[in-house]
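Data block below; observations after.
None of these values were measured; they are calculated from a predicted model. Below, chains carry the letters A, B, ... as their sequence lines are ordered, and counting in each starts from 1.
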Number of protein chains: 2
Amino acid sequence: MIFGFNGDQIYVLLIDRENQLKNVISEYALPGNLIRDDENLDMAAERVLKELTGLSVIYLEQFGAFGDPDRIKKKEDQPWLKAVRSIPNARVITVGYYSLIRMSDYELNPSSFAKNAKWMPLNSIKKLPFDHLKILNSSIEFLRSNTKIKPIGFNLLPEKFTLNQMLKLYEAIFNKKIDNRNFRRKIINLNILDKLEEKQSGVAHKPANYYKFNKKRYETYLESGFFKFEF
Amino acid sequence: MIFGFNGDQIYVLLIDRENQLKNVISEYALPGNLIRDDENLDMAAERVLKELTGLSVIYLEQFGAFGDPDRIKKKEDQPWLKAVRSIPNARVITVGYYSLIRMSDYELNPSSFAKNAKWMPLNSIKKLPFDHLKILNSSIEFLRSNTKIKPIGFNLLPEKFTLNQMLKLYEAIFNKKIDNRNFRRKIINLNILDKLEEKQSGVAHKPANYYKFNKKRYETYLESGFFKFEF
DNA sequence: ATTACTTAATGTCATAATAACGCTTTAACA
DNA sequence: TGTTAAAGCGTTATTATGACATTAAGTAAT
């Protein structure tokens, strides 16, 4: 699950399976790949992410394992299984990871796999092949409950951001309106933001101040306690 | 991970591998088994739990997947892999589930597998084979953060319990002293306990009142919100 | 130069939740 | 009847929360 944010809504990176299955109409699915014998789960997730986006050192966290047995019958639907010719009816277990990336930083990696990758607004995704919708929903739930205890949202924002951008992100994650005054107070009190000198420019209104995430200060806090992030 | 509570500390059910490996001194490991082709992950976890404890309809939740590649070299250390003769060097991915069971309800199931099962105090477990210690620690972390948002502790207590028993359980889970007066107030205010008529007997002091968990009321609350359980 | 327009930024107050305590009450046993 | 161990009640200071309305700072239009 690769989440992105464009300042307004949450996006998810999907892969068009069309190229791999000529006889099926264009259909988007979650990215994924088989694990190699010489890597652990985290490494595999990092590799797949890198193959797709060209990005590394990204927030990446496991959120669950999935594996219904009826997948066995569907080998022909799972392009990546074609590589495993030695196993006639492979049972597939998916280990789900989610990553949060800055869409602004993101450039599609010109690898063959990534050519047919596409950002889709989270809210517009109503159907996905296999159990991918279940996986998607599970990852969102995980993202939400994680956001309640850690300020992970920073990974989705640009390096410098305004408090309103951040507010919009949180509204997108929790899918509800949040009072901006209370939000500001809470975020500021956490003491993990540095207010920059720089302001927005070229806007036809009062420019917003830019802030930056102070990771060092954040880690100090983490050791000595526990965040609560509820809105 | 099978957690139990005896009124004083948290226990974990371990399996003695001795019977399976004659040339190794007695060594305890986490219970586990291979998944079957016709079951999903949840079903497999339930089955293994049932094989071990004879219990079903137990609190059971997935907490993570684990799989370092160096396991490949250790097939001879993994008794259950002997069943898979067709795969010379099987890569093993563990999907971890944890369950909470009432030690009082528990009777060792007289199956061959369970004969060498043993309850071990959580705090006394300093070393386990393979990556089992990592898995154990991960499950405890999961148990803690889960206990902070849901009152899952009831699954570890007997049907009828006193508030002090419950307090002791929470102290064991979080590994710290909790003020009993504040604890009581908080728990009572949640409104998910039924105070019974029955009291403790045979104690040389004021007997404690028994309480019972009201699951129905709890579920009503769940729908309309979210628990917070911090001490 | 003035005004209009748009979004950023800020303050207060009532209420609820929390943590840290002290003290009294109770029932069983010796 | 006294002792004991825990139950049970209560207070207070502090902090967190939610609800709410106005002013500030820039650009654009006239």
Side-chain angles (χ1 to χ4, degrees), chain A residues 7-8 147-151 157-158 160-172 174-212 221 224-231, chain B residues 7-8 147-151 157-158 160-172 174-212 221 224-231:
Chain A
D8 180 46
T147 308
K148 279 179 185 167
I149 51 169
K150 308 185 223 173
L157 292 168
K160 306 168 193 171
F161 51 88
T162 70
L163 292 186
N164 269 28
Q165 285 180 300
M166 191 169 171
L167 173 66
K168 287 242 174 75
L169 169 61
Y170 274 77
E171 288 184 334
F174 292 114
N175 202 24
K176 71 172 186 185
K177 265 247 150 309
I178 297 171
D179 182 275
N180 83 75
R181 288 154 292 190
N182 294 336
F183 181 82
R184 273 158 196 273
R185 177 177 46 188
K186 208 158 185 176
I187 294 296
I188 298 292
N189 284 345
L190 286 177
N191 241 298
I192 52 173
L193 292 189
D194 290 336
K195 187 172 185 169
L196 306 179
E197 293 303 316
E198 201 178 342
K199 291 179 178 195
Q200 249 179 347
S201 66
V203 288
H205 55 77
K206 176 172 178 179
N209 221 299
Y210 281 118
Y211 287 81
K212 216 177 136 180
Y221 278 112
S224 68
F226 180 91
F227 284 96
K228 219 176 359 175
F229 241 106
E230 256 169 85
F231 302 102
Chain B
D8 181 45
T147 308
K148 280 179 185 166
I149 51 168
K150 307 186 226 174
L157 293 167
K160 305 168 195 172
F161 52 87
T162 70
L163 292 186
N164 267 29
Q165 285 180 299
M166 192 169 170
L167 173 66
K168 287 242 175 74
L169 169 61
Y170 274 78
E171 288 183 333
F174 292 115
N175 203 25
K176 70 172 188 184
K177 265 246 148 310
I178 298 170
D179 183 274
N180 83 75
R181 290 152 293 189
N182 293 336
F183 181 82
R184 272 159 198 275
R185 181 177 37 187
K186 208 160 183 176
I187 295 294
I188 298 291
N189 284 344
L190 287 177
N191 241 300
I192 52 174
L193 292 189
D194 290 335
K195 187 172 187 171
L196 305 179
E197 293 303 316
E198 202 177 341
K199 291 177 177 197
Q200 243 180 351
S201 66
V203 288
H205 55 79
K206 177 175 178 179
N209 221 299
Y210 281 116
Y211 287 81
K212 214 177 138 180
Y221 278 113
S224 67
F226 180 91
F227 283 96
K228 219 176 359 178
F229 243 105
E230 255 170 86
F231 301 103

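Annotation: the span from A:Leu163 atom CG to A:Met166 atom CE amounts to 7.5 Å, rounded to 0.5 Å. How far NZ of A:Lys148 is from CZ of A:Phe174: 6.0 Å, rounded to the nearest 0.5 Å. Note that CD1 of A:Ile188 is 9.5 Å distant from CZ of A:Phe183, once rounded to the nearest 0.5 Å. To the nearest 0.5 Å, atom CG of residue B:Asp179 and atom NZ of residue B:Lys186 are 11.5 Å apart.
Atom P of nucleotide D:dG10 and atom CZ of B:Arg184 are separated by 14 Å, given to the nearest angstrom. Rounded to an integer number of Å, the gap from B:Asn209 CG to C:dA27 P is 11 Å. With rounding to whole Å, B:Lys177 atom NZ is found 14 Å from C:dA20 atom P. Between B:Ile178 atom CD1 and C:dT18 atom P the separation is 13 Å, expressed in whole Å. When rounded to the nearest whole Å, the span between NZ of B:Lys148 and P of C:dA17 equals 20 Å.
Where the helix from C:dA1-D:dT30 to C:dA30-D:dT1 starts and where it ends, the local axes point in directions that differ by 10°; five pairs per end, rounded to 10°.
DNA chain C lies under 4.0 Å from at least one heavy atom of each of the following residues of residues 160-171 of chain A: A:Asn164.
Across every non-hydrogen atom of B:Pro151 and B:Ile192, the tightest pair is CG-CD1, 3.7 Å.
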Under 3.5 Å, which donor-acceptor pairs do the side chains of residues 193-205 of chain B form with other protein atoms, sequence neighbours left out?
residue	atom	partner	partner atom	Å
B:Asp194	OD1	B:Asn214	ND2	3.4
B:Asp194	OD1	B:Arg217	NH2	2.5
B:Asp194	OD2	B:Asn214	ND2	3.1
B:Glu198	OE1	B:Lys160	NZ	2.7
B:Gln200	OE1	B:Ala208	N	2.9

Original post:
When you look at B:Leu157 and B:Tyr211, which way does the side-chain contact (heavy atoms from CB on, under 4.5 Å) test go after all the steps?
Top reply: CA-CA 11 Å; B:Leu157 293 167; B:Tyr211 287 81; over 6 Å; no
Subject >> Under 4.0 Å protein heavy-atom contact, by nucleotide of nucleotides 16-21 of chain D - B base, S sugar-phosphate only >> reply: -BBBBB
Original post:
How would nucleotides 22-30 of chain D be written as a contact map, 5' to 3', with B for base contact, S for sugar-phosphate-only contact and - for no contact, using protein heavy atoms under 4.0 Å?
Top reply: --BBBSS--
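Using a distance-only test at 3.5 Å, with no hydrogens or angles considered, no donor-acceptor pair links the side chain of B:Gln165 to the main chain of B:Gly7.
In this structure A:Asn180 satisfies the side chain to side chain contact (heavy atoms under 4.5 Å, CB included) test together with A:Leu167, A:Arg184, sequence neighbours excluded.
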